[in-house]
Amino acid sequence: MGSVDTWAAQHLPPPRSNARPVAESFGTVVDRIAYSQVRAYRLLMTADDLAAPRVHAAWYRLAELADTYTDLITAFGRRTVRLPDLSEAHPPEWLR
């Protein structure tokens, strides 16, 4: 996550002066997507019933995260959001 955050800080366009901060670091967002993708794929490959609610829920969550990521990238491109101060960033609850 730290490498992604460093890359993002160096490559994303500078935010406007009135840009709102995002709640999570860019690396955290990418990490959540990666975790969700691995979980959804694993369920798909190991589930006895591919129509099981947990399989559907995992893929639905991944789709939600992909939409959120797209919205975030669009906001960065428009310079309407800014990265959080990484010195104050905390790892997500599930990583503690």
Side-chain angles (χ1 to χ4, degrees):
M1 289 186 299
S3 296
V4 172
D5 288 332
T6 299
W7 181 93
Q10 295 172 354
H11 292 89
L12 290 175
R16 294 181 180 157
S17 60
N18 63 344
R20 64 177 172 79
V22 293
E24 296 179 305
S25 77
F26 198 73
T28 301
V29 172
V30 170
D31 186 68
R32 282 195 307 134
I33 292 170
Y35 175 84
S36 293
Q37 189 277 328
V38 169
R39 182 174 185 275
Y41 185 77
R42 182 168 184 256
L43 283 171
L44 184 66
M45 294 295 110
T46 60
D48 292 331
D49 178 10
L50 295 181
R54 67 188 183 117
V55 176
H56 176 76
W59 284 94
Y60 186 84
R61 178 67 180 143
L62 181 58
E64 284 181 324
L65 288 171
D67 287 344
T68 299
Y69 178 82
T70 299
D71 293 343
L72 182 63
I73 293 301
T74 300
F76 277 122
R78 292 179 178 159
R79 302 174 46 215
T80 57
V81 296
R82 63 182 166 85
L83 293 170
D85 180 357
L86 294 179
S87 65
E88 298 174 9
H90 302 288
E93 188 69 33
W94 60 273
L95 282 178
R96 293 182 195 165

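In Arg16, the CZ atom is crowded: over 12 heavy atoms of neighbouring residues, nucleotides or ligands sit closer than 6.0 Å.
Val4 pairs by the side-chain contact (heavy atoms from CB on, under 4.5 Å) definition with Phe26, Val30, not counting sequence neighbours.
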Could you go through residues 45-60 and list every donor-acceptor pair under 3.5 Å that involves a side-chain atom there, pairing it with any protein atom two or more places apart or in another chain?
| unit_1 | atom_1 | unit_2 | atom_2 | d |
| --- | --- | --- | --- | --- |
| Thr46 | OG1 | Arg42 | O | 2.7 |
| Asp49 | OD1 | Ala51 | N | 3.0 |
| Trp59 | NE1 | Ala40 | O | 3.1 |

Using distance only, find each side-chain donor-acceptor pair of residues 68-77 under 3.5 Å and give its atom names and separation, not counting sequence neighbours.
| unit_1 | atom_1 | unit_2 | atom_2 | d |
| --- | --- | --- | --- | --- |
| Thr68 | OG1 | Glu64 | O | 3.0 |
| Thr70 | OG1 | Ala66 | O | 3.0 |
| Thr74 | OG1 | Thr70 | O | 2.9 |

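Nearest heavy-atom pair across Gly27 and Asp5 is N-OD1, 2.5 Å. The two residues Val81 and Val22 make their nearest non-hydrogen contact at CB-CG1, 3.6 Å. For the residue pair Ala19 and Arg82, the shortest heavy atom distance occurs at O-NE, 3.5 Å.
Proximity of Arg61 to Arg39: side-chain heavy atoms (C-beta onward) are nowhere separated by under 4.5 Å.
The line from CE of Met1 to OG1 of Thr28 is 5.0 Å long, rounded to the nearest 0.5 Å.
Put simply, Val38 and Tyr35 are part of two different groups of oily side chains (I, L, V, M, F, W, Y) that touch within less than 4.5 Å, one to the next.
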